[in-house]
Amino acid sequence: MLRHWLMKSEPADCSIDDLLEAPGQTLDWVGVRNYQARNFMRDAMRPGDGVLFYHSSCALPGVAGVAEVASKAGPDATQFDPSSRYFDAKSSPDSPRWLQVRVRLVAKTRLLSLREMRGRPELSTMVLLKPGNRLSITPVTAAEWQAVIALLCPPEN
DNA sequence: GCCAACGTTGGC
DNA sequence: GCCAACGTTGGC
């Protein structure tokens, strides 16, 4: 049973174009430093799961493309790298605290802006849109997924 | 830059 | 285990 997710990234840091241009159009999703988001990767994410690639903390926040989970969760290498902004001195290779998954591009899409999403009743249940939500990885229901895909890829007449 | 909301830390 | 202080997120 495949699930669906929304994953936030700051485009200044890693954008949909970075994923588009990456070797194999695949990137390691590093830098998650929130336990709830980590637990989603550890406990529920499986290769093949669908991913909405979301641009956050930028001029035009919104869904910028579709991707898929390409690996199980494994240790996030950046936590052991003192030169990385994601370094965590309290983590050890024996018991890594932080995890990453690999993500592969499915399609860059038009930008479905946060503003437009808020205006869509069929998306109103999305965790992303809940007041105060800050989670960088949130589950997306099958109905929400289908509604987003329909908005991103309107059927031709 | 502001600020609300939330998560984490650490003293007790 | 409580909770105040502090840091971060992220839209605006």
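Keep in mind that the numbers below use all heavy atoms, side chains included, and drop hydrogens, waters and symmetry copies. To find a chain, count down the sequence lines: A is the first, B the second, and so on, and within it residues start at 1.
- The heavy-atom pair separating A:Asn34 from A:Leu135 by the smallest distance is OD1-CD2, 3.2 Å.
- Put simply, A:Tyr54 has a side-chain N or O that comes within less than 4.0 Å of OP1 or OP2 on C:dG11.
- Between A:Lys8 and C:dT9 there is no side-chain polar atom (N or O) within less than 4.0 angstrom of OP1 or OP2.
- No side-chain donor from either of A:Asp17 and A:Ser15 sits under 3.5 Å from a side-chain acceptor of the other.
- For the pair A:Leu135 CG and C:dG11 C1', the computed distance is 16 Å after rounding to whole Å.
- The distance from atom CG of A:Asn133 to atom P of C:dG11 is 10 Å, rounded to the nearest whole Å.
- Look at NE2 on A:His55: it is 12 Å from P on C:dG11, rounded to the nearest Å.
- Checked against the 6.0 Å centroid criterion, the rings of A:Trp98 and A:Tyr35 qualify as a close aromatic pair.
- C:dG11 atom P lies 8 Å from atom CG of A:Leu128, rounded to whole Å.
- Rounded to whole Å, the distance from CG on A:Leu129 to P on C:dC12 is 11 Å.
- Note: CD (A:Glu10) to C1' (C:dG10) measures 8 Å, nearest angstrom.
- At least one donor-acceptor pair under 3.5 Å links the side chain of A:Asp49 to the backbone N or O of A:Arg3.
- Straight-line distance from the CZ atom of A:Arg134 to the C1' atom of B:dA5: 6 Å, rounded to whole Å.
- The residue among A:Gln36 and A:Lys90 whose nearest nucleotide of DNA chain B is located toward the 5' end is A:Gln36.
- For the pair A:Asn34 CG and C:dT9 P, the interatomic distance rounds to 10 Å; values are reported in whole Å.
- Checked against B:dG7, C:dG10, C:dC12, the side chain of A:Leu114 finds its nearest nucleotide in C:dC12.
- Evaluation of atom-type donor-acceptor distances gives no pair under 3.5 Å for the side chain of A:Arg33 against the base of C:dT8.
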